[in-house]
Amino acid sequence: MLKSTSREQYLPSNLPAGQLENLPESPGVYYFHDQKGKVIYVGKAKNLRRRVSSHFSNNKPGRQKQEFLRNIHSISHEPTGTELMAFLLECVEIRRLWPAYNRSLKRFQQTYGLYVFEDRSGYTRLVLEKKKKQLTPIYTFSLLWEGQKILWKLIRQFELCPRLCFIEKGEGPCEGVKEHFCHGACEHKESAETYNLRVQEAIDGLVKSLPSFTLVDEGRHPEEKSCILVEQGRLYGMGYLPADQSWGDPGNPIDTGELKAFLTPYPENDYMRGLVYQHVEQWPTKRINLPLPA
């Protein structure tokens, strides 16, 4: 007979109770495996044991939930230094493993990209387009208006033509000509060579303006610190640094090359980047700015 106080009665029938008890009460990512060892679900947690236990409490009698529980035969986990790192690693692992029972994050993609190409007249064009697999964008945006905002800033700062940047349509002089920041490239009054120099300056200016910084925080144990690196606006990766070394102290700037030796690069997307930026806004003291590229 089952004891009324036993926690085992809430566990999936194929899952050994000891696997739950062995989970740490710390941040990380957990994996549910089926009978063949294949990962069928990936989750993140601030407290691994508590979060995994929550899957098995207040079980609903629905067919889908019961099928999910019956397919769990083992649990594995990957500890992380912080909850933010668990969020990021979960994103990476869901995209890598494509587990059957995960729904969220599978469909998220970078929606728009800022691309550059040369038209038939020799003018370099900037254009916002839905992200294309075969092309590499200068930068990506999850929302169209975010890209438009940055592109308009480049147009005005570097005196580009809004029509050649596909921000404006129509015939006759563009708004830039009327407002005296377009030099007439849309009417071929400015040579492609001269115009293209400013486009390249705009591209270089955008790249240099993208932030480079690290987030140094608690590690998985006292002998290390966790680190997340954002390089020129893009999430490079994350990992763990020796706690006995100074990182970012005044007069001792961080060497990016040395830092990368401790980090694992990961594919990023706008969602992951947004998580990091939100965290920086909430905890600005954890941010260590890196030198701008030369």
Side-chain angles (χ1 to χ4, degrees), residues 24-31 42-48 50-51 77-96 104-105 108-110 137-143 146 150 206-294:
E25 295 185 342
S26 57
V29 169
Y30 59 92
Y31 307 81
V42 175
K44 43 108 177 29
K46 185 176 182 179
N47 182 312
L48 281 165
R50 187 182 305 162
R51 177 68 185 100
H77 72 280
E78 181 69 32
T80 59
T82 65
E83 186 180 13
L84 174 60
M85 295 181 80
F87 268 93
L88 298 175
L89 184 58
E90 179 198 38
C91 295
V92 171
E93 293 294 70
I94 288 176
R95 299 293 294 181
R96 181 178 73 89
S104 63
L105 301 181
F108 184 87
Q109 294 181 351
Q110 299 156 316
I138 301 171
Y139 200 57
T140 57
F141 313 90
S142 57
L143 298 172
E146 293 176 333
I150 287 181
L206 173 61
V207 171
K208 288 186 178 181
S209 70
L210 298 174
S212 293
F213 61 88
T214 64
L215 281 172
V216 178
D217 209 327
E218 295 180 358
R220 297 163 296 186
H221 48 74
E223 288 74 35
E224 67 180 17
K225 295 179 180 179
S226 64
C227 178
I228 297 171
L229 172 61
V230 173
E231 189 174 40
Q232 291 186 270
R234 289 184 168 89
L235 176 63
Y236 172 84
M238 56 188 182
Y240 300 93
L241 312 175
D244 59 355
Q245 297 185 30
S246 59
W247 301 95
D249 291 345
N252 184 29
I254 293 178
D255 181 274
T256 306
E258 181 182 357
L259 189 69
K260 287 181 177 179
F262 295 97
L263 306 182
T264 301
Y266 288 110
E268 63 130 36
N269 58 39
D270 291 337
Y271 176 74
M272 296 169 65
R273 196 187 311 145
L275 290 174
V276 175
Y277 288 160
Q278 289 172 20
H279 190 84
V280 166
E281 289 182 6
Q282 187 176 3
W283 307 99
T285 57
K286 297 179 181 179
R287 171 174 174 163
I288 302 174
N289 290 322
L290 299 176
L292 293 173

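A quick note: this is a predicted structure, and the numbers were derived from the prediction, not measured.
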- Message: Show every salt bridge (Lys or Arg N to Asp or Glu O under 4.0 Å) that has at least one partner inside residues 230-239, sequence neighbours left out.
- Response: E231-K260
- Which pairs with one or both residues in residues 80-91 pass salt bridge (Lys or Arg N to Asp or Glu O under 4.0 Å), sequence neighbours excluded? K44-E90
How far apart are the closest heavy atoms of [X] and [Y], and which atoms are they?
| X | Y | value |
| --- | --- | --- |
| A86 | G28 | CB-O, 3.5 Å |
| Y240 | T80 | OH-CA, 3.2 Å |
| P222 | A243 | O-CB, 3.5 Å |
| T82 | S226 | CG2-OG, 3.7 Å |
| G233 | Y277 | O-OH, 3.1 Å |

- Message: Is there a side-chain contact between F213 and L229 in this structure, where contact means two heavy atoms from C-beta onward sitting under 4.5 Å apart?
- Response: no
- Query: Hey, are the side chains of L235 and N269 touching, using non-hydrogen atoms and a 4.5 Å cut-off?
  - Reply: no
- Message: Run the side-chain contact (heavy atoms from CB on, under 4.5 Å) test on L89 and Y266 for me, step by step, so that the C-alpha distance in whole Å, both residues' side-chain angles and the decisive distance to 0.1 Å come before the verdict.
- Response: CA-CA 9 Å; L89 184 58; Y266 288 110; 4.1 Å; yes
- The salt bridge (Lys or Arg N to Asp or Glu O under 4.0 Å) partners of R220 (sequence neighbours excluded) come to E224
- Query: In chain order, what residues pass the side-chain hydrogen bond (donor to acceptor under 3.5 Å, both in side chains) check against R50, with sequence neighbours excluded?
  - Reply: none
- How would you list, by chain and number, every residue that makes a side-chain hydrogen bond (donor to acceptor under 3.5 Å, both in side chains) with E281, sequence neighbours excluded? none
- Do you see a donor-acceptor pair shorter than 3.5 Å between the side chains of R287 and T214? no
- Message: Side chains of E78 and Y30 only: does a donor on one sit below 3.5 Å from an acceptor on the other?
- Response: no
- Note on the structure: Residues at least two apart in sequence or cross-chain that pass ring pair (Phe, Tyr, Trp, His ring centres under 6.0 Å) with F262, listed by chain then number, are W247
